[in-house]
Protein chains: 2
Amino acid sequence: MVDHPLRPSAVVGVVGGGQLARMMAQAAGPLGIDLRVLGGPSDEGAATVAPIERGDITDPGTLERFAAACDVLTFDHELVPIETVRHVEEAGHAVRPGSASLRLSDKALLREALAGRFPLPPHTVAHAASEAVAFGDEHGWPVVVKAARGGYDGRGVNVAENAQDVALFMHALDEGVPAVVEPVLDLEAELAVVVVRRPGGEMRTYPVVRTIQVDGQCHEVAYPAGVERSVEEAATRLAGEVAETIGAVGILAVECFVVDGEVLLNEIAPRPHNSGHWTIDGAVTSQFENHLRAVLDRPLGSTEPSWPAVTMLNLIPGDPPADPRDHVAAALATGAHVHVYDKTPRPGRKVGHVTATGSDPGAVRAQAIAAAASMGSITAGGSP
Amino acid sequence: MVDHPLRPSAVVGVVGGGQLARMMAQAAGPLGIDLRVLGGPSDEGAATVAPIERGDITDPGTLERFAAACDVLTFDHELVPIETVRHVEEAGHAVRPGSASLRLSDKALLREALAGRFPLPPHTVAHAASEAVAFGDEHGWPVVVKAARGGYDGRGVNVAENAQDVALFMHALDEGVPAVVEPVLDLEAELAVVVVRRPGGEMRTYPVVRTIQVDGQCHEVAYPAGVERSVEEAATRLAGEVAETIGAVGILAVECFVVDGEVLLNEIAPRPHNSGHWTIDGAVTSQFENHLRAVLDRPLGSTEPSWPAVTMLNLIPGDPPADPRDHVAAALATGAHVHVYDKTPRPGRKVGHVTATGSDPGAVRAQAIAAAASMGSITAGGSP
């Protein structure tokens with residue numbers, strides 16, 4: 001970093017400097033990959049482990065200059081405007097995933113692109129409050145109103161009891177951003193399937209996991225998912241077909257609802273995803289290493305789990321926020337693996353995760369909870 | 001690295017900037033540890049993954065200034081003079097391992113300190129050629145003449161057929177460095193046991209591995225070791241007792257000979273060691289993470305293997321030297337894990353390693369050999 005006398009085996013540029021870029025950087029070293037980051041002014045996470053350039057990630061010229069120094073450009077988030085991504089592609093730089101699949105992290109565009117081909121929840125895309133109200137009147141109240149893009153960790157997702165709520169939520173949307181409106185579903189489970197795919201189509205799929213959300217924010221990821229085998233198979237098949245349909249390159253996380261035994265597509269993330277953090281300590285090849293391999297068009301690593309049971313808990317401070325870095329020793333004493341992100345602790349912000357592995361799902365989960373509790377995380381709350 | 005807005009959970013300073021410092025740095029990030037390196041002018045390995053300060057590592061003032069900015073000082077190698085280490089300790093800085101155990105990486109001092117308490121090969125410490133010749137005349141020729149310190153990868157170890165050879169080898173020793181003289185033993189196996197120990201005495205031991213040396217340089221490390229259970233137990237017991245006796249802190253690698261079913265102590269390395277590289281991909285906690293935990297006096301991680309069989313092969317270029325970084329994709333295609341060190345390839349120099357994991361030792365070894373072969377390493381030569 002400080003000096004770099006030798007040519008790397010490849011140069012990967014990551015747009016965005018959060019924990020995903022951080023964990024990509026940690027996976028890059030063993031493969032001789034030089035990983036560089038283009039981050040916004042306040043990005044934390046990557047800065048303590050990789051060289052970070054601060055710049056305007058929405059500016060086509062900035063992005064193109066950054067891409068020109070790299071073998072391939074990839075992403076820590078979906079905040080780069082699609083037109084900017086297209087500009088860089090058109091200038092001849094390798095961008096993976098490309099704009100065609102990146103744009104489908106927009107919940108409305110995803111539904112429009114895949115409706116009729118994949119099982120989706122009942123929904124409408126509302127550009128005006130009246131459209132959302134009509135959906136509620138038809139399918140029953142309350143309804144879920146989701147910002148098509150820009151939301152994360154539950155932000156931008158609201159439950160509307162009536163037309164007045166709808167008006168409030170629609171009014172809060174950014175200019176030009178529509179809402180996806182859906183019924184409040186009776187979920188048996190939320191599942192995630194992480195797929196990795198090379199440009200030529202070689203693809204591997206990690207095992208299905210169950211994700212546990214609280215107020216729309218992921219708290220816990222569990223392997224095995226604890227659902228019927230037929231449900232796991234349906235989710236795996238769905239994820240693979242979605243990845244092929246949209247031409248995903250790199251990691252694609254596919255999030256699903258299970259309703260009445262049926263697997264419905266909820267949303268996708270075309271990048272390493274929270275539901276795959278467990279693979280660092282719990283699978284043969286981590287999602288971060290496989291993402292790098294895929295975007296560089298190198299052979300993929302095994303996606304097999306290394307243990308019969310794995311639980312990942314996010315580290316999310318309460319109020320006042322504890323800093324997990326003050327409690328690393330206590331967390332290690334539980335036997336769990338600890339990952340801190342070097343992010344300023346704030347209430348409700350993901351600043352790390354812990355992973356427990358072993359044979360017995362109950363014991364593994366208890367260990368992860370003990371670790372999260374020792375670090376003052378709200379995710380240690382007990383049973384979901 | 002480029003900016004560091006947040007306090008780390010701890011600061012560890014590593015003296016020496018080779019691949020051990022590199023792999024410590026890779027283990028430091030998830031735990032929020034800021035790892036800094038003080039390296040010599042030509043050190044490679046760590047420089048592409050951690051901030052490296054170039055300086056004279058034998059100079060007490062330089063070392064003390066470096067130590068003052070760190071919570072604890074540890075080592076990538078044994079090249080710092082013991083007097084310099086003592087100077088830093090006496091100035092009140094935490095140095096782990098300390099000078100008392102560091103000095104025992106000197107083969108002559110080790111034998112003097114442990115003779116009578118642990119089973120050692122027959123030996124003498126020769127300060128003059130005549131002493132070595134007398135040993136050969138008594139125990140039979142040829143004899144092995146080893147530089148007590150400064151040797152590595154087989155350098156400094158020679159087989160003398162007669163008094164003339166002895167004179168030649170003794171003459172080549174650095175001023176003041178004695179030789180350890182031993183018979184040429186009929187080795188059933190060479191084993192290594194990696195132990196990790198905290199300042200207060202908490203200790204964990206990795207499983208016994210077999211090491212395969214060619215011309216004194218480690219080519220291969222295999223788990224399981226494939227020796228009798230009683231031999232494994234004797235080696236494990238020996239390693240633990242040595243660690244306690246010398247007050248080791250951090251990783252201690254204990255290398256043993258098996259002769260006539262008996263386990264003899266060969267030498268020790270008070271730091272992460274080549275015989276433990278397999279733990280990155282093959283054990284619950286890597287030796288590098290456990291070394292950091294131990295020198296920071298934090299709870300140790302499990303040393304259990306994650307797989308029934310693991311083979312590690314060093315990547316060592318032949319002549320002309322191939323650069324493993326040119327062949328990462330081919331190596332990944334074999335299914336093995338790849339670790340390159342960002343070191344300039346030279347014939348006979350360790351510039352990386354590959355690790356294969358699985359259920360069947362034969363298949364695992366074959367995969368590791370295929371990976372090493374694809375990277376042009378001489379360690380892919382086939383059966384030892």
Side-chain angles (χ1 to χ4, degrees), chain A residues 1-10 22-23 25-26 28-34 37 44 47-54 280-281 284-285 289 293 296-302 306-307 323-344 352 357, chain B residues 1-10 22-23 25-26 28-34 37 44 47-54 280-281 284-285 289 293 296-302 306-307 323-344 352 357:
Chain A
M1 204 89 59
V2 170
D3 46 12
H4 204 315
L6 290 165
R7 75 187 182 298
S9 78
R22 175 184 182 85
M23 290 185 273
Q26 289 166 346
L31 300 181
I33 295 167
D34 181 9
V37 175
E44 294 180 335
T48 49
V49 301
I52 186 164
E53 178 186 330
R54 304 287 183 182
I280 299 174
D281 301 302
V284 176
T285 315
E289 178 169 339
R293 294 192 191 197
L296 287 168
D297 201 14
R298 289 178 176 176
L300 304 176
S302 165
S306 314
W307 300 93
D323 191 330
R325 287 168 301 174
D326 295 335
H327 307 285
V328 169
L332 293 176
T334 66
H337 295 275
V338 170
H339 298 259
V340 299
Y341 301 156
D342 282 344
K343 292 167 70 175
T344 307
T357 62
Chain B
M1 202 89 62
V2 170
D3 46 11
H4 205 314
L6 289 167
R7 75 186 183 300
S9 79
R22 175 184 182 86
M23 291 185 272
Q26 289 165 347
L31 300 181
I33 295 167
D34 180 8
V37 176
E44 294 180 336
T48 49
V49 302
I52 186 165
E53 177 186 330
R54 304 288 183 181
I280 299 173
D281 301 301
V284 175
T285 315
E289 178 169 339
R293 293 191 192 199
L296 287 168
D297 201 14
R298 289 177 175 176
L300 304 177
S302 165
S306 314
W307 300 93
D323 191 330
R325 287 168 299 174
D326 295 336
H327 308 285
V328 169
L332 293 176
T334 67
H337 294 276
V338 171
H339 299 260
V340 298
Y341 301 157
D342 283 344
K343 292 168 69 175
T344 307
T357 61

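Computed from a prediction, not measured in an experiment: that's the story for all the values here. Proteins come first, then strands; the chains are lettered A, B, ... in the order of their sequence lines, and each starts at number 1. What's counted below: heavy atoms across the whole structure, side chains too, no hydrogens, waters or symmetry copies.
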How long is the straight-line distance from CD1 of B:I33 back to OG1 of A:T48, given to the nearest 0.5 Å?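 Answer rounded to 0.5 Å: 12.0 Å.
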To the nearest 0.5 Å, how far apart are CG in B:L31 and CZ in A:R325?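 Going from the CG atom of B:L31 to the CZ atom of A:R325 covers 12.5 Å.
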Where does [X] contact chain A at under 4.5 Å (heavy atoms): side chain, backbone, both or neither?
X	value
B:S306	both
B:D326	side chain
B:V338	both
B:H337	side chain

Option in A:A330, A:A329, A:P299 with maximal non-hydrogen atom pairs under 4.5 Å from chain B: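 Counting heavy-atom pairs under 4.5 Å, the top option is A:P299.
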Are any non-hydrogen side-chain atoms of A:L296 and B:V328 less than 4.5 angstrom apart?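 No - every pair of side-chain heavy atoms lies 4.5 Å or more apart.
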